[in-house]
Protein chains: 2
Amino acid sequence: MKRQTAINAFAALAHDVRLGIFQRLVEAGPAGMAAGRIADKLAISPSSLTFHIAHLERAGLVHSRREGRSIIYSADFGAMGSLVDFLTDKCCGGQPEVCRDLGRKQHKAS
Amino acid sequence: MKRQTAINAFAALAHDVRLGIFQRLVEAGPAGMAAGRIADKLAISPSSLTFHIAHLERAGLVHSRREGRSIIYSADFGAMGSLVDFLTDKCCGGQPEVCRDLGRKQHKAS
DNA sequence: TCATTATTTCAAATAATATTGAAATATAAT
DNA sequence: ATTATATTTCAATATTATTTGAAATAATGA
């Protein structure tokens with residue numbers, strides 16, 4: 001993943017509304033969700049939804065497809081994984097044991 | 001991790017200079033790096049470094065300690081891991097197989 | 001104490017991003 | 001063709017973030 005791609009993705013996620021949209025889509029899975037339904041769930045105006053989801057789409061975190069008169073958005077899970085990889089890459093350069101288990105749930109027993 | 005904490009972390013990482021700082025510190029590991037050394041490596045002014053690293057510190061992604069007349073910054077690896085967890089949490093609600101392996105290097109053989 | 005090094009603070013100017021609502025486009029049903 | 005539904009576009013305004021350089025603070029050593 002290119003540096004600027006990662007920056008764009010972080011910027012896209014760094015907003016209450018957009019993070020809300022993305023989380024809904026991550027929960028929804030590959031089936032995705034119609035634009036209007038997302039707007040309803042988050043109680044935002046259609047134009048606000050378009051503005052923010054376009055931001056997520058430019059960042060490559062979501063994709064869209066038309067189904068009848070609805071536009072269905074879905075999360076790009078590959079992009080999400082690449083972003084995580086980017087962040088944890090080169091961790092502790094040469095002493096990777098320090099960074100082991102990053103990117104997963106921590107176990108209770110440390 | 002609280003929602004607003006995640007938003008602050010994403011915002012902190014969504015900038016060329018700050019991402020550069022954070023990556024240097026992730027590479028440096030727990031030993032960290034002095035403020036002046038980071039500024040030199042990234043070719044930015046001291047005041048610019050302070051502005052951006054304060055942003056990272058407010059977001060909880062880095063910590064600082066004084067050593068003599070230097071201030072040593074280091075990445076918070078726990079915060080980085082929590083952020084990754086936050087992002088991949090509730091993935092595909094109920095169908096987690098879709099999200100398996102997120103947060104790790106992808107294997108060549110899919 | 002005085003000078004040197006390391007870092008932070010502050011304020012002013014500039015730049016980037018977000019909000020809002022009305023108008024426009026696209027699809028589908030009658 | 002007309003109407004209803006779904007979504008996007010646009011433009012004006014408001015808000016927030018970034019840059020820059022000079023001055024201030026803090027620690028060390030002569």
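Side-chain contact between Leu19(A) and Phe86(B): present, with at least one pair of heavy atoms (C-beta onward) separated by less than 4.5 Å. Side-chain contact check for Thr88(A) versus Met80(B): some heavy-atom pair is nearer than 4.5 Å.
Taking every heavy atom of residues 56-64 of chain B and every atom of DNA chain D, no pair lies under 4.0 Å.
Applying the side chain to side chain contact (heavy atoms under 4.5 Å, CB included) criterion to Ala75(A), with sequence neighbours excluded, gives Phe22(A), Leu25(A), Val26(A), Phe77(A).
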What donor-acceptor contacts under 3.5 angstrom involve side-chain atoms of residues 31-38 of chain B, with partners at least two apart or in another chain?
none

I'd like a table of donor-acceptor pairs (distance under 3.5 Å, sequence neighbours excluded) in which one partner is a side-chain atom from residues 2-12 of chain A, with atom names and distances.
residue: Arg3(A); atom: NE; partner: Asp16(B); partner atom: OD1; Å: 2.9
residue: Arg3(A); atom: NH1; partner: Gln23(B); partner atom: OE1; Å: 2.7
residue: Arg3(A); atom: NH2; partner: Asp16(B); partner atom: O; Å: 3.1
residue: Gln4(A); atom: NE2; partner: Asn8(A); partner atom: OD1; Å: 3.0
residue: Asn8(A); atom: ND2; partner: Gln4(A); partner atom: O; Å: 3.3

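For dT7(C), the OP1/OP2 oxygens have a side-chain nitrogen or oxygen of Ser70(B) closer than 4.0 Å.
Residue pairs that meet the salt bridge (charged side-chain N to carboxylate O under 4.0 Å, His left out) test with at least one member in residues 48-67 of chain A, sequence neighbours left out, are Arg65(A)-Glu67(A). Residue pairs meeting the ring pair (Phe, Tyr, Trp, His ring centres under 6.0 Å) criterion with at least one member in residues 37-58 of chain B, sequence neighbours excluded: His15(B)-His52(B).
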- Encode nucleotides 24-30 of chain D as B, S and - characters from 5' to 3', where the letter depends on protein heavy atoms closer than 4.0 Å: B to the base, S only to sugar-phosphate, - to neither. --SBBS-
- Per-nucleotide protein contact string for nucleotides 8-21 of chain D, where B marks a base within reach and S marks sugar-phosphate only (heavy atoms under 4.0 Å, - for neither): BB--------BBBB
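Whole-Å rounding puts the Arg65(A) CZ to dT27(C) P distance at 16 Å. If you measure from atom CD1 of Ile44(A) to atom C1' of dA18(C), you get 12 Å, rounded to the nearest angstrom.
At a threshold of 4.0 angstrom between heavy atoms, the contacts of Ala54(A) with the nucleic acid are absent.
Looking at every heavy atom in both residues, Ala79(B) comes nearest to Met1(B) through O-CE, 4.0 Å. Looking at every heavy atom in both residues, Ile53(A) comes nearest to Val62(A) through O-CG2, 4.2 Å.
The hydrophobic cluster containing Ile72(A) does not contain Ile21(A), counting ILVMFWY residues as joined when their side-chain heavy atoms lie under 4.5 angstrom apart, directly or transitively.
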